[in-house]
Amino acid sequence: MGDCHGCGSSCVPPKQAAMHKLVAIIGPPNSGKSTLFNRLTGLRQKVANFPGVTVEHHTGKADLPGGHDVELVDLPGVYSLHARSEDERVSHDVLHGKMPGLKRPDGVILILDATNLSRHLPLAASVLSLRIPTLVVLNMADDMRQRGGAVDTGALADELGAPVVLASATTGEGVDEVARFLSGGIGVPKPVELPVLQDVPACRQWAREVSREAGYTHPAPPVWTRRLDAVFLHAVWGPLSFVLVVGAVFQTIFTGARPLMGGVEWAVGAAGGLMRAVLPEGVLRSLLVDGVWSGVGAVLVFMPQILLLFLFITVLEDSGYLARAALIADRTMARVGLQGKSFIPLLSAYACAVPAIMATRTIENKRDRIATILIAPFMTCSARLPVYTLIIAAFIPDRQFIGPFVHTRAAALMGLYVLGFAAAVLTARVLKSSILKSERTPFVLEMPPYRVPSWRTVGLRLYDRAMAFLKRAGTVILGVSVVLWALASIPLVDGKAPPIEQSLAGTLGRAIEPLIKPLGFNWKIGIGLVTSLAAREVIVGTLGTIYGMEPDKDSAGLQAALQKDLTFGGAVALLVFFAFAMQCMSTLAVVRRETGGWKWPAVQFAYMGALAWLCALAAYKVFS
Amino acid sequence: MQLSFKNGARANGPASLADLGENEEGTLERIDLPADFAHRLMELGFVPGHAITVAHSAPGGDPRVFRVDGSEIALRRETARHILLRKQ
């Protein structure tokens, strides 16, 4: 590497401004790759201050000044290019042009953590030796300077034979430079020989020399991270603050979302009233107002709550707190026979089981991976939230429970989350001591420094969730509402819709009534259980449609209608049923894809359904 | 009993990362683990000759966070036991 000192990058004229068509973004975990990717593309993508979250590669188009169009691909965070885990294989394959459907990148943006340069230089050596035009971005430059670190980018560029820029994806520093590279405005110097060694100690030695040549001053340790860890990992304060954080989240989901939900409810009601007034009486009005709008509107009301949940999840992830939570939880995970790595997908399953199951690809051990896939849908996903809050608000009076802070309703919701977690843990225990037995795999987790979450990232993520939610309301829930409306409207009696009991939907509900009667559910709930096989929150829309089509629909909304149809015991049974049952087609589809067959999704569906039925029965017997 | 055993270990210096107390430092000698996993640890900074400091532990003492090469990595005790330290 030292043989190029006579002719550094400065004496090589910039190449003809080459247009990059496909540019790969690569870097170690926690280097802020995804934040930069979001900056450049505006494409919504999950960013987390947590190793192992980005498993699939994400692509997006960068909007560049001058009308250049560059496609970016965000690769999983890796420490090296040795293809050992799935993550590394993806990065390796893309950079070597071996990824099916993706050509070899024309350029690479290599993102390194400026606060810990020497550690990540070996990755730079292996990426640069691929001889793809590469821009080295030293991210988190603001953090490095704040902690007294420094680096001479010119000297580093000479050492590496590649342009180097300091950047901060959070503040936006250096983003212009990256855009300039993408539009071909930064010349790529003559490449230098770099060591790609299997021998890690030798590679490290080289990295240390390069850092020294580049005048790198290692920043002081992050004082605040140490202070916060002294609290969050404290033997007493650690678990206590964990419980407090979780309690606050649930309480806010209930009380904080109230005014917003009231607003949405009012808007939904007003829009329904307007449609009723504008449209002439007839089939179309019945379809739109009683069928579609009652179904879709009933679900829309829960959007503020879901967004609030995602706000908390994103902030906890991006701040670095989740890594500490994983550390605290590791002992529990070890006891049920799972490794700490399983904890990451399980945490994201609180949002949705589908990305969680895809995130299990980071788990190298096949049996551990299957076990994690099988238990992930027990974690309380956000689709359960509308069902839970609707039933809880209808059946559980709002009283103080633990002090003035946590009320009964929030406590009930928390209880359901614990119930799902307990089912997951017990199932894991059973699986890992029987059919999926394997040796314990080691737990290695990097603790990223605490960071103030980037509000831009949080905003993008919430926007993304809101769009996904609306899309579901506009497709699955709308479709089910239309079908249900049709089923509830035939056979026609005297040219009019029949009483709902005598309609096709009512017949269907009655047909399965014997199966669910022991659980305290009637045929109306039965229809909801059938439609919710598509997705859990569909039951809310279904009940909205069913009650919307009843003649005495002036009753005070869904809650009041539900109170007529369910006893307290039946309500608890319904909650328990939703906690355990596998009512999600997307999850079954992704399990089939990830496990390569119908065997595991079938096992999962049967097991979860049987557990749901038995536990709901027990709950009904106990609470009646 | 426990104490005297601990003192015994101290006499020869700590044998592995698991023997270090909070804020204590040791120099890595070798990693006594399967090659693939040892390689992964080395990429994270667990390189022979490097200094490693014990930072915080999870409540209950396991896993522990180790400060190595400018970053903090959490390992379980069962892993730390196989990361051997240089005799002082």
Side-chain angles (χ1 to χ4, degrees), chain A residues 28 30 78-80 82 84-85 88 113 115-120 122-123 149 198-205 207-208 218-219 221-222 225-226 229-230 232-240 242 323-324 326-332 334 339-340 364 440-449, chain B residues 16-18 20-86:
Chain A
N30 296 312
V78 291
Y79 295 106
S80 77
H82 304 293
R84 252 179 280 112
S85 72
E88 290 163 350
D113 180 353
T115 65
N116 206 348
L117 183 62
S118 30
R119 194 184 132 198
H120 298 311
L123 177 66
Q198 286 293 324
D199 182 25
V200 180
C203 230
R204 292 267 160 186
Q205 188 56 38
R208 237 171 298 167
H218 205 288
T225 291
R226 301 221 170 143
D229 271 344
F232 289 136
L233 295 178
H234 187 270
V236 179
W237 305 123
L240 197 68
F242 182 76
R324 276 73 188 178
L327 189 68
I328 294 177
D330 179 65
R331 279 192 100 169
T332 319
Q339 51 168 329
E364 294 100 343
R440 260 157 69 127
T441 20
F443 169 77
V444 185
L445 186 66
E446 187 177 350
M447 298 282 123
Chain B
S16 78
L17 266 188
L20 291 177
E22 197 163 326
N23 291 321
E24 286 187 326
E25 195 189 88
T27 307
L28 203 157
E29 174 72 28
R30 69 191 168 86
I31 301 175
D32 187 17
L33 286 164
D36 242 26
F37 184 56
H39 200 97
R40 182 165 291 273
L41 285 175
M42 284 202 263
E43 279 168 11
L44 289 167
F46 292 89
V47 181
H50 270 203
I52 300 173
T53 315
V54 180
H56 304 278
S57 304
D62 193 30
R64 273 187 156 180
V65 180
F66 296 98
R67 223 166 266 155
V68 53
D69 204 9
S71 51
E72 300 198 334
I73 313 284
L75 300 174
R76 283 182 186 160
R77 191 182 178 79
E78 61 192 28
T79 308
R81 233 159 27 95
H82 296 284
I83 300 179
L84 307 178
L85 298 177
R86 199 164 281 176

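Here is the naming used below: chain letters follow the sequence lines, and residue numbers restart at 1 for every chain. Worth knowing before you read on, the calculation uses all heavy atoms, side chains too, and leaves out hydrogens, waters and symmetry mates.
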> With a 4.5 Å cut-off on heavy-atom pairs, point out which of G49(B), G70(B), P48(B) contacts chain A the most.
G70(B)
> Taking all non-hydrogen atoms of both residues into account, name the closest pair between R204(A) and E43(B) and its distance.
NH2-O, 2.7 Å
> Quick check on S71(B) against chain A: is it the side chain, the backbone, both or neither that has a heavy atom closer than 4.5 Å?
both
> At a 4.5 Å cut-off on heavy atoms, which part of D229(A) comes close to chain B: side chain, backbone, both, or neither?
both
> Any chance CZ of R208(A) has more than 12 other-residue heavy atoms, nucleotides or ligands included, within less than 6.0 Å?
yes
> Let me know if L44(B) has heavy atoms under 4.5 Å from chain A in its side chain, its backbone, both or neither.
both
> Among G61(B), A55(B), G60(B), which has the most heavy-atom pairs under 4.5 Å with chain A?
G60(B)
> What is the distance from atom CG of L445(A) to atom CD of E72(B), rounded to the nearest 0.5 Å?
11.5 Å
> Go through the steps for L327(A) and H56(B) under the test side chain to side chain contact (heavy atoms under 4.5 Å, CB included), then give the verdict.
CA-CA 11 Å; L327(A) 189 68; H56(B) 304 278; over 6 Å; no
> Provide the closest heavy-atom pair for V444(A) versus I73(B) in the form atom of the first, atom of the second, distance.
CG1-CG2, 3.6 Å
> Quick check: does any side chain N or O of D69(B) sit under 3.5 Å from a backbone N or O of R119(A), one acting as donor and the other as acceptor?
no
> Of the listed residues (R226(A), H234(A), H218(A)), which shares the most heavy-atom pairs with chain B below a 4.5 Å separation?
R226(A)
> What pair of heavy atoms forms the shortest contact from D330(A) to P63(B), and how long is it?
OD2-CG, 3.2 Å
> Go through V65(B), T79(B), D36(B) and name the one with the most non-hydrogen pairs under 4.5 angstrom from chain A.
D36(B)
